[in-house]
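Source: prediction; values computed, not measured. Sequential numbering from 1 along the given sequence is applied to the chain's residues. In listed order, ligands and their atoms are each counted from 1.
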Amino acid sequence: MEIDPEQSKTILRGRPFLGVQFVSCRTYGRLYLNREGTAYVGRCPRCGAPVRALVGEHGTSQRFFQATCP
Ligand SMILES: [Zn+2]
């Protein structure tokens, strides 16, 4: 769920990402594909709430994603 330092390095090399709108905080951010390639994960830049969007069968194929912060 969290982006660890090693994954951040990978992000800098150019990971696939998904644009996300954090509806409750009225801001935008990006979710990056995790190491396993199973989900896009990230945090709300405003409140730090973790967000994930699953990839695949039951996941999203949207290129843009809406999230609400808890
Ligand atoms: Zn938020």
Legend entry - Heavy-atom side-chain proximity of Phe22 to Val51 below 4.5 angstrom: yes
Legend entry - Residue pair Tyr40 / Leu31: nearest heavy atoms and the distance that separates them: CD2-O, 3.4 Å
Inset, instruction - Return the minimal non-hydrogen interatomic distance between Cys25 and Arg46, and the atom names on each side. - result: O-NH1, 3.1 Å
Legend entry - Under-2.8 Å neighbours of the Zn ion (ligand 1), protein N/O/S atoms only: 4
Inset, instruction - Report the distance from atom CG of Leu18 to atom CG of Leu33, rounding to the nearest 0.5 Å. - result: 9.5 Å
Legend entry - Non-neighbouring partners of Ser24 that pass side chain to side chain contact (heavy atoms under 4.5 Å, CB included), sequence neighbours left out: Thr68, Cys69
Legend entry - Val41 and Pro50, any side-chain heavy atoms less than 4.5 Å apart: no
